[in-house]
Amino acid sequence: MFIGQPKQRQIALKQKQRYSLYSLIKECHQEYKWSIEWMCKQAHVARSAYYKWLNHKPSKREERDQKILKRIKEIAKSNNSLLGSPKMTMALNKELADCEGKIYRRTVARYVC
């Protein structure tokens, strides 16, 4: 399914697929009162992984990444999405305040996918 995709994109697609599955389990449990244990078995997902996702609180890195992603979307919108990860990284680093740390190209590449 993910063969032929760059590694960064494979990771992003798998994560997106997993989160959509978890949200489906949550919706079915709330709406139809189906057993979480049964749904996790059918989806071949560990029940502990579902509960970890359900009770997850965003870390500092995830909060920082959300800010970076928001900036990337703004820059892409203003440039008609013509920038790749190296130029996007340069544009992001020009906008940085003095107190913020440098943003690296691989971080940007992870979100440009």
Side-chain angles (χ1 to χ4, degrees):
M1 183 168 152
F2 303 118
I3 297 173
Q5 299 287 335
K7 187 174 182 179
Q8 298 278 341
R9 187 169 291 152
Q10 288 179 15
I11 293 168
L13 290 172
K14 284 180 185 178
Q15 188 176 34
K16 191 175 184 180
Q17 185 181 35
R18 197 174 324 121
Y19 288 163
S20 64
L21 179 63
Y22 292 153
S23 61
L24 178 66
I25 291 172
K26 182 180 177 183
E27 288 173 21
C28 290
H29 178 68
Q30 290 174 344
E31 190 172 333
Y32 303 112
K33 304 295 184 210
W34 290 353
S35 167
I36 291 175
E37 181 179 4
W38 179 79
M39 287 187 286
C40 288
K41 277 185 182 177
Q42 298 303 315
H44 302 291
V45 173
R47 202 174 72 216
S48 61
Y50 167 74
Y51 282 114
K52 184 176 180 180
W53 171 82
L54 186 65
N55 300 320
H56 177 73
K57 294 179 181 103
S59 66
K60 289 181 181 179
R61 178 185 174 186
E62 290 171 336
E63 290 173 357
R64 180 178 181 257
D65 287 348
Q66 288 301 319
K67 290 177 187 175
I68 293 171
L69 183 60
K70 185 178 175 183
R71 287 182 189 168
I72 288 173
K73 287 180 180 179
E74 290 171 0
I75 293 171
K77 195 178 229 182
S78 66
N79 291 312
N80 296 324
S81 300
L82 296 176
L83 298 179
S85 62
K87 288 186 180 180
M88 183 69 73
T89 305
M90 289 188 332
L92 286 169
N93 283 324
K94 285 181 185 177
E95 292 181 359
L96 284 177
D98 293 333
C99 60
E100 294 179 3
K102 183 178 177 182
I103 299 171
Y104 295 99
R105 185 192 60 78
R106 289 200 176 193
T107 304
V108 175
R110 190 173 68 228
Y111 287 106
V112 170
C113 287

**Ile75 side, atom CD1; Leu82 side, atom CG - distance, nearest 0.5 Å** = 13.0 Å

**Message:** Treating Glu62 as the side-chain partner and Ser59 as the backbone partner, does any N or O pair qualify as donor plus acceptor under 3.5 Å?
**Reply:** yes

**Asked** Atom NZ of Lys102 and atom CG of Leu96: how far apart are they, to the nearest 0.5 Å?
**Response** 10.0 Å

**From Asp65, Ile11, Ile68, residue fulfilling side-chain contact (heavy atoms from CB on, under 4.5 Å) relative to Arg110** = Asp65

**Request:** Kindly give the cluster partners of Val45, where membership spreads through any ILVMFWY side chain lying under 4.5 Å from a current member.
**Result:** Tyr19, Leu21, Tyr22, Ile25, Tyr32, Trp34, Ile36, Trp38, Met39, Tyr50, Tyr51, Trp53, Leu54

**Asked** Stepwise, does the side-chain contact (heavy atoms from CB on, under 4.5 Å) test hold for Lys60 with Arg64?
**Response** CA-CA 6 Å; Lys60 289 181 181 179; Arg64 180 178 181 257; over 6 Å; no

**Prompt:** With ILVMFWY side chains joined below 4.5 Å, transitively, what does Met90's cluster contain besides itself?
**Reply:** none

**Prompt:** Where the side chain of Gln5 meets the backbone of Gln10, is there a donor-acceptor pair that is under 3.5 Å apart?
**Reply:** no

**Request:** Determine the minimum heavy-atom distance between Arg105 and Pro86, stating which atoms define it.
**Result:** CD-CG, 4.0 Å

**Item:** Inter-residue atom distance Glu74.CD - Ile72.CD1, 0.5 Å rounding
**Value:** 10.5 Å

**Complete:** Here the gap from Ile103 atom CD1 to Lys67 atom NZ, rounded to the nearest 0.5 Å, amounts to 11.0 Å

**Prompt:** Listed by chain and number, what are the salt bridge (Lys or Arg N to Asp or Glu O under 4.0 Å) partners of Arg71, not counting sequence neighbours?
**Reply:** Glu100

